[in-house]
Participant: 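Submitted below is the structure of interest, expressed as structure tokens.
If you're wondering where the values come from, they're calculated on a predicted model, not measured in any experiment. Side chains included, hydrogens not; waters and symmetry mates left out as well; all remaining heavy atoms used. All chains are named by letter (A, B, ...) in the order of the sequence lines, taking the proteins before the strands, and each is independently numbered beginning at 1.
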There are 2 protein chains.
Amino acid sequence: MTLRDVSEASGVSEMTVSRVLRNRGDVSETTREKVLAAAKQLGYVPNKIAGALASSRVNLVAVIVPSLRNMVFPEVMSGISEVLDDTPLQPVLGFTDYRPEKEEDVLYEMLSWRPSGVILAGLEHSAASRAMLKASGIPVVEIMDTDGEAIDAVVGISHRRAGRETARAIVRQGYESIGFIGTKMPLDHRARKRFEGFTEALAKDGREIVDQEFYEGGSGLLKGRELTQKILQRSPDLDFIYYSNDMIGAGGLLWCLENGVGVPQRLGLAGFNGMELLDGLPARLATMDAGRREIGRAAARIVAERASGALTETGQRLELAPNLQYGDTLRRPKV
Amino acid sequence: MTLRDVSEASGVSEMTVSRVLRNRGDVSETTREKVLAAAKQLGYVPNKIAGALASSRVNLVAVIVPSLRNMVFPEVMSGISEVLDDTPLQPVLGFTDYRPEKEEDVLYEMLSWRPSGVILAGLEHSAASRAMLKASGIPVVEIMDTDGEAIDAVVGISHRRAGRETARAIVRQGYESIGFIGTKMPLDHRARKRFEGFTEALAKDGREIVDQEFYEGGSGLLKGRELTQKILQRSPDLDFIYYSNDMIGAGGLLWCLENGVGVPQRLGLAGFNGMELLDGLPARLATMDAGRREIGRAAARIVAERASGALTETGQRLELAPNLQYGDTLRRPKV
DNA sequence: GTGAAAGCGCTAACAT
DNA sequence: ATGTTAGCGCTTTCAC
């Protein structure tokens with residue numbers, strides 16, 4: 001089923017059929033109707049492959065994220081979709097599993113479709129990935145993180161700053177013996193940067209982390225419970241725990257509530273992400289909203305404007321301010 | 001940057017360059033190395049658009065789901081990715097927002113890229129969508145649900161049966177005054193079918209739902225709390241609440257625990273989905289595992305085998321058995 | 001083992 | 001307002 005078939009069925013040249021189907025150029029109402037009728041009757045679905053080859057226009061935007069298991073990325077995606085829905089552009093998703101080699105493969109695969117733009121998570125990429133992206137001439141928006149050098153445009157928050165601000169707030173509340181629970185971070189650069197900003201801010205205050213606990217694999221409430229129990233057993237004097245994300249933080253919170261650990265007086269807690277999930281828990285965990293949806297929206301807007309030619313500059317830089325929410329677990333009542 | 005550039009740079013014909021880059025046919029080791037070196041040096045990325053047009057082979061699989069906000073779909077995706085990672089196929093994701101018209105648009109867009117297969121959620125589609133899919137000649141796998149007529153292959157669970165089995169288990173535990181809390185279901189067919197199966201099984205037992213509460217929009221713990229409070233205020237005699245998903249069920253559970261409602265003695269609870277989240281809560285909500293990841297895997301396997309030609313039959317049908325987990329909220333201790 | 005020619009299904013550019 | 005021609009960058013097919 002090709003344009004030609006529609007052309008023959010409607011007695012109109014292929015070119016005019018093409019014009020009708022794309023709403024391009026002047027076509028008489030009569031011809032238009034004839035063509036549309038024929039196309040519908042035949043169940044014609046255009047071949048974008050041929051169209052893209054002929055026009056060198058591809059209305060696809062490559063979106064490359066580590067995984068969808070981490071609820072952060074579905075939310076970013078939803079921001080991206082929201083904006084692209086009002087444009088001819090369509091997101092195409094690829095996953096890296098947090099592995100640079102896989103990112104490279106996925107990127108290569110994606111670029112071979114000549115998308116109109118690339119949105120990818122993080123600033124850390126293999127040399128080959130960076131080279132490919134630069135050579136592609138396509139608008140590239142790196143998202144989530146602003147601590148580092150961008151290839152082209154970048155939209156995100158500073159995770160170092162997020163860590164620092166959390167640390168300062170904790171110290172300001174008078175907490176003194178601070179522990180940390182988080183993922184092993186060889187490849188989770190954003191978690192690593194938060195940790196670094198956190199320890200750095202503590203150091204400025206002449207403090208350091210008293211105890212820490214790292215884990216591998218996904219984050220779940222259960223793991224938060226276990227590790228919280230473990231770290232408190234080993235270091236019963238801790239009066240604060242900073243978690244690298246809300247999920248394990250929420251697990252820790254539940255454990256504390258059940259085991260009579262007075263939160264936030266005896267022990268303060270904070271997570272990271274501003275996950276919606278936290279809203280219905282017995283107490284609100286302190287967290288920091290990373291503005292994921294807004295990041296998705298902003299990145300999509302940049303790509304859309306660059307792709308449409310409305311925006312010709314490159315290298316846009318948008319750093320959102322992380323928003324600390326004290327919830328019920330960080331504000332220590334004065335004794 | 002085209003094949004021709006690589007051809008010129010390496011002094012080898014375009015055809016041979018193409019063979020090297022695709023590992024097709026016999027090429028001498030010398031030529032091979034020359035070509036690879038040139039390609040790498042130039043940073044050549046093949047143009048799949050041209051390749052696909054010439055070969056009429058597209059290693060893309062269209063995956064169409066309502067949204068990623070519902071954690072069910074990221075999990076299905078992860079099953080799909082897992083299987084496709086071992087094949088040349090790549091998933092391309094599209095969202096319908098639970099709207100048939102949007103599904104139609106997305107489908108049209110996707111089919112215009114001539115993918116090697118289509119995986120889409122649910123059995124309910126517009127007539128136009130069904131027509132497109134049938135006319136495409138592409139392997140189609142409908143997932144999640146098996147209650148209805150499939151276009152081609154189908155992998156999922158029977159949501160009617162899921163509802164029925166939950167109802168039977170509830171009755172068997174001696175609960176008598178049963179309420180329901182769930183989404184308004186004009187378009188969530190699977191939730192609707194569970195509800196229908198549920199009421200149907202109760203009816204067989206001479207019972208009906210005593211009170212119900214429907215909500216719109218996303219599911220969150222908070223909503224589960226509110227609606228649980230509301231329904232119990234209105235119908236304090238309820239001794240069981242069936243929720244249309246785990247998220248609101250978990251919210252209800254938390255509310256009950258905090259408000260001294262004895263679970264599961266005074267009030268039993270059950271959700272649906274088998275969400276991992278439930279694992280770390282203070283008590284385990286009864287739920288039914290829908291095997292999302294396995295559904296994704298099985299669907300991807302069918303597409304991969306059909307695309308590779310290893311499987312020529314159409315219309316595969318795989319109904320998984322939903323697995324009821326009693327947790328701590330459905331098994332009533334004998335008094 | 002390598003190359004030349006033709007063509008995939010469309011659209012840009014230029015007629016008319 | 002409509003048609004004609006050429007060609008997008010590859011792969012298929014056939015020749016050597």
Side-chain angles (χ1 to χ4, degrees), chain A residues 1-36 38-39 42-60 88 108-109 111-116 135-138 309, chain B residues 1-36 38-39 42-60 88 108-109 111-116 135-137:
Chain A
M1 176 63 43
T2 70
L3 249 196
R4 175 178 219 119
D5 298 313
V6 181
S7 163
E8 282 168 8
S10 62
V12 173
S13 78
E14 286 188 45
M15 197 52 232
T16 300
V17 171
S18 167
R19 283 197 262 260
V20 171
L21 264 21
R22 287 177 300 142
N23 287 312
R24 276 283 152 69
D26 292 326
V27 180
S28 75
E29 199 45 43
T30 343
T31 335
R32 173 181 197 68
E33 279 164 17
K34 251 192 305 191
V35 169
L36 257 15
L42 294 172
Y44 172 70
V45 176
N47 186 329
K48 290 231 178 196
I49 297 175
L53 183 60
S55 66
S56 26
R57 254 191 292 278
V58 179
N59 50 355
L60 259 23
Y108 185 78
E109 179 73 19
L111 289 180
S112 71
W113 287 100
R114 304 292 188 264
S116 292
S136 72
I138 294 171
Chain B
M1 176 62 43
T2 70
L3 247 196
R4 173 178 218 119
D5 298 313
V6 181
S7 162
E8 281 167 7
S10 61
V12 173
S13 78
E14 285 188 45
M15 198 50 236
T16 301
V17 171
S18 168
R19 284 200 259 264
V20 171
L21 265 21
R22 288 176 301 140
N23 288 312
R24 278 281 153 70
D26 291 328
V27 180
S28 75
E29 198 44 42
T30 343
T31 338
R32 171 180 197 71
E33 278 164 18
K34 251 194 300 193
V35 170
L36 256 16
L42 294 172
Y44 172 70
V45 176
N47 186 329
K48 291 229 177 197
I49 297 175
L53 184 60
S55 66
S56 27
R57 255 191 291 277
V58 180
N59 48 355
L60 260 23
Y108 185 78
E109 179 74 20
L111 289 180
S112 72
W113 287 100
R114 304 291 189 263
S116 293
S136 71

Participant: Indicate whether OP1 or OP2 belonging to dC10(D) is found under 4.0 Å from a side-chain N or O atom of S18(B).
Facilitator: no
Participant: Once you apply a heavy-atom cut-off of 4.0 Å, does S28(B) come out as touching a base, just sugar-phosphate, or nothing?
Facilitator: sugar-phosphate
Participant: Between N47(B) and R19(B), just flag the one whose closest nucleotide in DNA chain D comes earlier from the 5' side.
Facilitator: N47(B)
Participant: Using whole Å, report how far CZ of R24(A) lies from P of dG3(D).
Facilitator: 19 Å
Participant: Please classify the nucleic acid contact of R22(A) as base, sugar-phosphate, or nothing, using heavy-atom distances under 4.0 Å.
Facilitator: sugar-phosphate
Participant: Taking the side chain of L3(A) as its heavy atoms from C-beta onward, which of dG3(D), dT2(C), dC10(C) lies nearest to it?
Facilitator: dC10(C)
Participant: Looking at dC10(D), dT13(D), dT2(D), which one has an atom nearest to any side-chain atom of T16(A)?
Facilitator: dT2(D)
Participant: Where each residue is assigned the nucleotide of DNA chain C containing its nearest heavy atom, which of L53(B) and G11(B) is assigned the position nearer the 5′ end?
Facilitator: G11(B)
Participant: Report the distance from atom CG of N23(A) to atom C1' of dT11(C), rounded to the nearest whole Å.
Facilitator: 15 Å
Participant: Counting distance only, does the side-chain N/O of S112(B) pair as donor-acceptor with the main-chain N or O of V45(A) below 3.5 Å?
Facilitator: no
Participant: Could you please name the option among dC10(D), dT11(C), dT2(D) that lies closest to any side-chain atom of T31(A)?
Facilitator: dT2(D)
Participant: Tell me what T2(A) touches on the nucleic acid: a base, only sugar-phosphate, or nothing, going by heavy atoms under 4.0 Å.
Facilitator: sugar-phosphate
Participant: When you measure from the side chain of S7(A) to the backbone N and O of L3(A), does any donor-acceptor pair fall under 3.5 Å?
Facilitator: no
Participant: Of all the choices, dA4(C), dT11(C), dG3(D), which nucleotide is nearest to the side chain of M15(B) once you look at every atom?
Facilitator: dA4(C)
Participant: Whole-Å distance between dG9(D) P and W113(A) CH2?
Facilitator: 15 Å
Participant: On DNA chain C, nearest-nucleotide positions of R32(B) versus A54(B): which is more 5'?
Facilitator: R32(B)
Participant: M1(B) CE to dC8(D) P: how many Å, rounded?
Facilitator: 16 Å
